[in-house]
2 protein chains.
Amino acid sequence: MSSKTVDKALSILDVFTVETPTWGLRELARNLDMNHTIVHRILTTFEDKGYLYCNPETKKYELGIKFIELNNVVEEHLNISTMIQPIMKEIAVKTGESVVLTVLDEEEGVFVKIVESEQKVRFAESVGKRSALYIGASHKIILAHLPEELQNKIIDEGIESQSKQIPSKEKLMERLETIKREGWCFSEGETFDDVAACSVPLFDSKHQILGSLSIAGPKYRFSQQEGEEKLPALLENVEKLNSILSKVNFPSRRNYLTKKFI
Amino acid sequence: MSSKTVDKALSILDVFTVETPTWGLRELARNLDMNHTIVHRILTTFEDKGYLYCNPETKKYELGIKFIELNNVVEEHLNISTMIQPIMKEIAVKTGESVVLTVLDEEEGVFVKIVESEQKVRFAESVGKRSALYIGASHKIILAHLPEELQNKIIDEGIESQSKQIPSKEKLMERLETIKREGWCFSEGETFDDVAACSVPLFDSKHQILGSLSIAGPKYRFSQQEGEEKLPALLENVEKLNSILSKVNFPSRRNYLTKKFI
DNA sequence: CTTCCGTGGTTCGATAATCGAACCACTGAT
DNA sequence: ATCAGTGGTTCGATTATCGAACCACGGAAG
């Protein structure tokens, strides 16, 4: 049982994205196919609580400061800045490239933390970005470790949505098997045109896939060979990270564990 | 008009803090003086949407991955990582200390961004921390620029709550006047025992107080004199920051603008 | 200047979702 | 074996939500 009203309210929050971060009242109501009265009531509730902010000049709504506060609660609870970030930093220093922590959530991958190398190729702004599991090394390495039925389902849905990222199902499935066997994955130009990455899997205490750890850098200085050379730096530290992550029980939705995906 | 159901739901989120990040169902219902049925319904709704995560082993709830995602939307919209952080970094490099961006929200100050110096005195984990405006340089400099009636109200409430931070109302009010006149503020051991800070105010396009920018470091290497020496590095960059901040219209609740505080 | 269409915001009776006492099933301590 | 605690569910009474119709305003077009 779920609350219809709260559910509706949260659906409203969902449309505040990086692409469309501000909304007018009626514009929003139209988009959600809702009566503007109810949208208005929910918006003011969010506003009162600091979850939304209504720009007094434009009268448009945007996400509020509360999310900065609550993000901190999450990061603190996960020991991200005290335990996880230092390990990522170490790898970043050793390899001179940026390090990315990705986790599985529902049937997608989410960038949870990015530690940048000093050589500025900024893509830390992609934290929170969510995308399909067949795109990019960081995501494919996760997909490779999921149950085969779920792989099937995800790839089929990808093909249905006409994703350019899937050449053919057979080839992808084969590729995933190779990735799983070898224990790492390299890709270039998939999530971002100019970026290449090298990824290894992260598991929980029961050795079930949780996410991935990646090194990423600009294509021109990051060939497959260079990726391979940086692999040891990743693998050296990934165990430490695993033991930390298994202790905190990461709050991401891994439906495959409960077979919710069938 | 505000939605009672959504309001209730958001009140539930409020109890997930750094101090108490996980809650059991009945424990939470008791704490909020609510029937556990309704708490349960709301919790599952949040869970379905990724705002809460229910640990399957302990059955305890905690904030979910959604807050990492939405925090990113806010930061992106405010150009925090692309525009603001580089300026803060520049100051951090010049002074060798950490740089803190604080904003006014309702009647409190919130740390929105902390850029750490290389000399590791970690307190970046305090991002999102919220505290009263009479505590610490970063907050006092804001308080000093608020309307006098509001200063009165805030200080009176502080005295009422028996805050140790207020010696006497008269002295504090005098102090605030000095701070406002001089345009900067130094403090040590207020927000954190071992930390000293030096702060300057941030204004919006109409020259109304918005927040503050601070340099902070461990007391042993951060006397008032050393703070003063670092002041120019702050002031040099604060204008750039001001012009950026005035463009984005920061989504923090500055009730003093609308006289809501009376 | 007036009309018109758009915006954000409010009202109030019909309607439908919420509420909550009482109820499982389970676990762990006594 | 009992008991007190937990998370979770049920269902009729209650009450908050819903939404058509309504302002007031503001800018564009005639």
Side-chain angles (χ1 to χ4, degrees), chain A residues 1-16 20-64 249 251 253-255 257-260, chain B residues 1-16 20-64 249 251 253-255 257-260:
Chain A
M1 204 51 219
S2 181
S3 164
K4 220 156 187 169
T5 310
V6 178
D7 189 86
K8 222 171 288 184
L10 297 179
S11 304
I12 292 181
L13 284 189
D14 279 344
V15 303
F16 290 86
T20 55
T22 65
W23 290 87
L25 169 59
R26 274 170 143 99
E27 178 189 9
L28 212 165
R30 224 177 301 122
N31 182 276
L32 291 165
D33 205 22
M34 280 173 139
N35 185 298
H36 77 275
T37 308
I38 149 174
V39 175
H40 178 258
R41 186 169 54 233
I42 292 173
L43 289 183
T44 44
T45 312
F46 277 128
E47 193 190 354
D48 287 345
K49 292 279 183 176
Y51 289 84
L52 289 178
Y53 171 77
C54 184
N55 188 316
E57 315 216 324
T58 62
K59 291 285 175 187
K60 294 210 182 295
Y61 293 83
E62 59 187 285
L63 294 179
N249 204 309
R253 291 165 289 178
R254 292 185 290 156
N255 298 345
L257 294 176
T258 48
K259 305 276 181 197
K260 269 191 211 165
Chain B
M1 201 53 216
S2 180
S3 163
K4 220 159 188 167
T5 311
V6 178
D7 189 88
K8 222 170 287 184
L10 296 180
S11 305
I12 292 180
L13 284 189
D14 279 344
V15 303
F16 291 86
T20 56
T22 64
W23 290 87
L25 168 59
R26 275 172 143 96
E27 178 189 11
L28 211 165
R30 223 178 301 121
N31 183 277
L32 291 165
D33 205 23
M34 280 175 138
N35 184 296
H36 76 275
T37 307
I38 148 175
V39 175
H40 178 258
R41 187 171 51 234
I42 293 173
L43 290 182
T44 45
T45 312
F46 277 129
E47 194 190 354
D48 287 346
K49 291 280 185 176
Y51 290 83
L52 288 177
Y53 171 77
C54 185
N55 187 315
E57 317 216 322
T58 62
K59 290 284 174 187
K60 294 208 181 299
Y61 292 83
E62 59 188 283
L63 295 180
N249 204 308
R253 291 165 288 178
R254 292 185 290 155
N255 299 344
L257 293 177
T258 47
K259 304 279 180 196
K260 269 191 208 167

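Quick note: numbers below take in every heavy atom, side chains included, and nothing from hydrogens, waters or symmetry partners. Quick note on labels: first sequence line is chain A, next is B, and so on, each numbered from 1.
Looking only at atom types and distance, the side chain of Tyr53(A) has a donor-acceptor partner in the side chain of Asn249(B) under 3.5 Å away. Side-chain atoms of Thr45(B) and Ser2(A) include a donor-acceptor pair closer than 3.5 Å.
Projected onto DNA chain D by closest heavy-atom contact, Arg30(B) and His40(B) fall at different nucleotides, the more 5' of which corresponds to Arg30(B).
Scanning both residues, Arg41(A) and Met1(B), for their nearest heavy atoms gives CG-O, 4.1 Å.
For dT7(C), neither phosphate oxygen OP1 nor OP2 lies less than 4.0 angstrom from any side-chain nitrogen or oxygen of Tyr61(A). Phosphate contact (OP1/OP2 of dT17(D), side-chain N/O of Ser3(B), threshold under 4.0 Å): present.
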_B/S/- contact track for nucleotides 18-23 of chain D, protein heavy atom under 4.0 Å_ = BBBB--
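When the P atom of dT7(C) is taken as reference, atom CH2 of Trp23(A) falls 13 Å away, rounded to whole Å. Put simply, CG on Leu28(A) is 12 Å from P on dT7(C), counting in whole angstrom units. Rounded to whole Å, atom P of dT6(D) lies 8 Å from atom CD of Glu27(B). Note: CE (Met1(A)) to P (dT18(C)) measures 7 Å, nearest angstrom. One atom, CG of Leu43(B), and another, P of dG8(D), lie 9 Å apart when rounded to the nearest Å. Taking atom CG of residue Leu25(B) and atom P of nucleotide dG7(D), one finds them 5 Å apart after rounding to whole Å. If you measure from atom CD of Glu57(B) to atom C1' of dG7(D), you get 16 Å, rounded to the nearest angstrom.
Note that the CG atom of Leu52(B) and the CD1 atom of Ile12(B) stand 8.5 Å from one another [nearest 0.5 Å].
Ion pairing between Lys60(A) and Glu27(A) holds under the 4.0 Å rule for side-chain N and carboxylate O.
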_One pair to check against side-chain hydrogen bond (donor to acceptor under 3.5 Å, both in side chains): Lys4(A) and Thr5(B). What are the steps and the verdict?_
CA-CA 10 Å; Lys4(A) 220 156 187 169; Thr5(B) 311; over 6 Å; no
